[in-house]
Amino acid sequence: MVYQYRTQGTCSSLIELELEGNIVHNVRFYGGCDGNLKAIPKLVEGLTVEQVEEKIGGICCGRKNTSCGDQLAKACRAALNAQN
């Protein structure tokens, strides 16, 4: 299942990901810091939604109360909920 998530409070504006059951694949960020947003998808490829939430959920960026990683964790959960 391909899922698109509109981010809130980050430089990136959209996250696209695929879920196979609860396994995360093919994460793509639109907008944001190029280097970080190339690295994060590689680090979470093949992880479960729960593992993504545990590893990067709740991370803040500077003075913001969220980050692209935190938004990805939220996107993964939203995709899983939409799938079920």
Side-chain angles (χ1 to χ4, degrees):
M1 163 189 169
V2 176
Y3 187 79
Q4 291 188 336
Y5 181 84
R6 294 241 171 247
T7 61
Q8 297 178 5
T10 60
C11 297
S12 65
S13 58
L14 181 75
I15 300 171
E16 185 175 273
L17 62 98
E18 292 180 33
L19 276 188
E20 215 174 274
N22 73 331
I23 307 297
V24 178
H25 296 288
N26 301 318
V27 172
R28 185 166 180 193
F29 287 87
Y30 294 88
C33 304
D34 189 51
N36 289 335
L37 301 182
K38 285 179 182 172
I40 292 171
K42 290 182 179 206
L43 295 172
V44 301
E45 178 66 28
L47 297 181
T48 65
V49 170
E50 296 79 12
Q51 288 172 318
V52 172
E53 289 174 322
E54 179 184 318
K55 290 182 182 294
I56 61 176
I59 293 174
C60 297
C61 182
R63 294 181 181 169
K64 299 175 184 176
N65 64 356
T66 190
S67 66
C68 290
D70 182 52
Q71 289 293 296
L72 175 58
K74 291 177 182 188
C76 290
R77 176 55 59 185
L80 187 62
N81 289 343
Q83 180 178 271
N84 295 331

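Values below: every heavy atom of this structure, side chains too, minus hydrogens, waters and symmetry copies.
- Linking ILVMFWY side-chain heavy atoms closer than 4.5 Å, directly or via other members, places Ile23 and Leu80 in two distinct hydrophobic clusters.
- Between Asn36 and Cys68, every side-chain heavy-atom pair lies at or beyond the 4.5 Å cut-off.
- Atom CD1 of Ile40 and atom CD1 of Ile59 lie 8.0 Å apart (nearest 0.5 Å).
- Under the side-chain contact (heavy atoms from CB on, under 4.5 Å) test applied with Asn22, the options Thr48, Leu47, Asn84 reduce to a single match, Thr48.
- Between Leu72 and Phe29 there is a side-chain heavy-atom pair separated by less than 4.5 Å.
- Side-chain contact between Met1 and Glu18: absent, with no pair of heavy atoms (C-beta onward) separated by less than 4.5 Å.
- Closest heavy-atom contact between Gln71 and Thr66: NE2-OG1, 3.0 Å.
- At most 12 heavy atoms of other shown residues, nucleotides or ligands fall within 6.0 angstrom of atom CG in Asn65.
- Residues Ala73 and Val52 come closest through the heavy atom pair CA-CG1, 4.0 Å.
- Rounded to the nearest 0.5 angstrom, Tyr5 OH and Lys74 NZ are separated by 6.0 Å.
- Using a 4.5 Å heavy-atom cutoff, the side chains of Thr10 and Cys61 are not in contact.
- The local environment of NZ in Lys38 is sparse, with at most 12 non-hydrogen atoms from other residues, nucleotides or ligands closer than 6.0 Å.
- Note that the CD atom of Gln83 and the CD atom of Glu20 stand 9.5 Å from one another [nearest 0.5 Å].
- Other cluster members for Tyr30: Leu14, joined by side-chain heavy-atom distances under 4.5 Å among Ile, Leu, Val, Met, Phe, Trp and Tyr.
- Connection of Leu19 to Leu43 is not established within any shared hydrophobic cluster, with ILVMFWY side chains joined at heavy-atom distances below 4.5 Å, either directly or through further cluster members.
- In this structure, the separation between CG on Leu17 and NE2 on His25 is 10.5 Å, given to the nearest 0.5 Å.
- For the pair Lys55 and Glu50, the minimum side-chain heavy-atom distance is 4.5 Å or more.
- Using modelled atom types, one side-chain atom of Asp70 and one backbone atom of Gly58 make a donor-acceptor pair closer than 3.5 Å.
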